Structure formats: C-alpha cells, structure tokens
Q: 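Have a look at this one.
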Amino acid sequence: MRRLAISLTFFLVLSVGVGLAVSGPDLIDWGIAGGLFALAVLGEGFRFWLRRSRAAKRSSGV
C-alpha cells in the first residue's frame with residue numbers, strides 16, 4: 001500500500017508540473033494535469049489487478 005501512495009504522489013507532482021509547463025502564462029492547465037493523473041491512476045489500478053489475478057492463479061493450485 002505504501003508503494004501505491006508513493007507512486008501516486010510522484011505522478012500527481014509530475015502531472016501538476018507538466019500542467020504548469022504547458023499552460024504558459026496561465027496558472028495551470030487542469031485538463032492536461034488531470035488527464036495525466038487519471039492515466040496514472042488507471043495504470044496503477046491495472047497493475048494492482050494484474051498482480052492480484054496472478055496471485056489468485058498461483059494459490060488455486062495449492
């Protein structure tokens with residue numbers, strides 16, 4: 001669970017940084033920042049699901 005929190009915090013900071021860099025003179029481009037963070041959350045969710053499904057396959061044979 002700690003790895004998930006660290007990973008999502010890293011991607012949150014990274015996406016806000018990209019949103020700031022892309023926005024130019026405006027404050028922040030929330031559409032880009034939110035979209036990048038949503039992709040990160042989906043990726044972490046997929047990784048969690050994949051790990052869980054592999055663990056279930058291993059334990060079913062025992």
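Residue numbers count from 1 along this sequence. The shown structure was predicted, so the numbers you read here are calculated from the model rather than taken from an experiment.
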Q: Starting at CG of Asp29, measure out to CG of Leu20 and round the result to the nearest 0.5 Å.
A: 9.5 Å
Q: Apply the hydrophobic cluster definition, ILVMFWY joined by side-chain contacts under 4.5 Å directly or through others, and give me every member besides Leu36.
A: Val18, Val22, Ile32
Q: Quick one: are Arg47 and Arg3 in side-chain contact, heavy atoms under 4.5 Å?
A: yes
Q: For the CZ atom of Phe37 and the CG atom of Leu8, what is their distance to the nearest 0.5 Å?
A: 5.0 Å
Q: For a quick test of reading the model, state the closest non-hydrogen atom pair linking Ala5 to Thr9 and the distance between them.
A: O-OG1, 2.7 Å
Q: How close do Ala33 and Gly19 get, counting heavy atoms only, and between which atoms?
A: CB-CA, 4.3 Å
Q: What distance do Trp30 atom CH2 and Ser15 atom OG have between them, rounded to the nearest 0.5 Å?
A: 8.5 Å
Q: Consider only side-chain heavy atoms of I, L, V, M, F, W and Y, link residues closer than 4.5 Å, and tell whether Leu27 and Val16 are in one cluster.
A: yes
